[in-house]
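Just so you know, these numbers come straight off a predicted model, no measurement behind them.
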Amino acid sequence: MSAVWIAVLVALAPVVAWLVAGLVLVARRARRRHGDIRTRRLRLARMLGRRDLAVIPTADVDLPEATVLEVAGESGYRFLGYERANTPFRRRVGVFVRTGGAVDRAIRGPAVSAR
């Protein structure tokens, strides 16, 4: 092999690395999307659990927002909003608070908790 071909291979190595990384991300996303809607709804309900505050990555749920809000309401949670990622490599997460819990009372203040 001549030095020119070695230089071409070295120059193409970063492109190949990016392609491999992209394929790995696609494979991980496809693997995470297992189960039907009912199974994913159940998984979301389990992720919410019994905590007063739940922070769930939206990529892990893979459900439409209306369905997420419905499952959260059925589980006794209210949706606060999304925490935006400050870098492109972090995932956006949804923040949920148990309705009537300590965190919810602290957020809404003493006027709401007295009712």
Side-chain angles (χ1 to χ4, degrees):
M1 238 178 158
S2 69
V4 173
W5 285 108
I6 292 174
V8 167
L9 290 176
V10 169
L12 291 177
V15 173
V16 171
W18 276 104
L19 288 174
V20 169
L23 290 174
V24 167
L25 288 176
V26 167
R28 285 180 62 198
R29 181 173 292 155
R31 189 187 69 179
R32 193 176 291 134
R33 291 184 183 184
H34 60 284
D36 56 355
I37 297 291
R38 185 175 175 196
T39 304
R40 286 183 269 173
R41 287 173 61 103
L42 180 61
R43 186 167 14 127
L44 173 60
R46 286 182 180 159
M47 290 170 81
L48 289 169
R50 290 282 171 210
R51 301 169 287 189
D52 279 346
L53 178 69
V55 179
I56 299 175
T58 55
D60 289 351
V61 176
D62 191 34
L63 287 169
E65 187 171 352
T67 306
V68 170
L69 295 177
E70 181 183 334
V71 171
E74 291 171 357
S75 299
Y77 283 86
R78 71 180 179 93
F79 178 67
L80 284 182
Y82 291 109
E83 177 187 337
R84 301 267 181 211
N86 56 0
T87 67
F89 298 109
R90 289 186 53 204
R91 298 181 289 182
R92 185 176 77 160
V93 296
V95 181
F96 300 87
V97 174
R98 178 162 298 283
T99 306
V103 176
D104 190 33
R105 286 191 305 269
I107 291 171
R108 291 188 178 189
V112 174
S113 62
R115 289 183 198 175

Undergrad: State, with a plain yes or no, whether a side-chain heavy atom of I37 is found less than 4.5 Å away from one of R40.
TA: yes
Undergrad: Can you name the side chain to side chain contact (heavy atoms under 4.5 Å, CB included) partners of A45, sequence neighbours left out?
TA: V71, S75
Undergrad: Does R98 have any side chain to side chain donor-acceptor pair (under 3.5 Å) partners at least two apart in sequence or in another chain, and if so, which?
TA: Y77
Undergrad: Can you name the side chain to side chain contact (heavy atoms under 4.5 Å, CB included) partners of I107, sequence neighbours left out?
TA: R78, L80, V97, V103
Undergrad: Considering only Ile, Leu, Val, Met, Phe, Trp and Tyr, and joining two whenever side-chain heavy atoms are under 4.5 Å apart, list the other residues clustered with L42.
TA: none
Undergrad: Excluding sequence neighbours, so at least two apart, what forms side chain to side chain contact (heavy atoms under 4.5 Å, CB included) with I6?
TA: M1, V10
Undergrad: How is the hydrophobic cluster of L25 composed, in terms of its other members, when Ile, Leu, Val, Met, Phe, Trp and Tyr link through side-chain heavy atoms under 4.5 Å apart, directly or indirectly?
TA: none
Undergrad: Please list all pairs meeting salt bridge (Lys or Arg N to Asp or Glu O under 4.0 Å) that have one or both residues in residues 47-57, counting only residues at least two apart or in different chains.
TA: none
Undergrad: Out of curiosity, L53 CG to L48 CG, how far, rounded to the nearest 0.5 Å?
TA: 10.5 Å
Undergrad: Among the clusters formed by ILVMFWY side chains lying less than 4.5 Å apart, do Y82 and V55 turn up in the same one?
TA: no
Undergrad: In chain order, what residues pass the side chain to side chain contact (heavy atoms under 4.5 Å, CB included) check against L69, with sequence neighbours excluded?
TA: E65, F79
Undergrad: What's the separation between atom CZ in R43 and atom CG in L63, rounded to the nearest 0.5 Å?
TA: 7.5 Å
Undergrad: Give the cluster check for W5 versus L9: same hydrophobic cluster or not, with ILVMFWY residues linked at side-chain heavy-atom distances below 4.5 Å.
TA: yes
Undergrad: Between D104 and G100, what is the shortest heavy-atom contact and its length?
TA: OD2-N, 2.9 Å
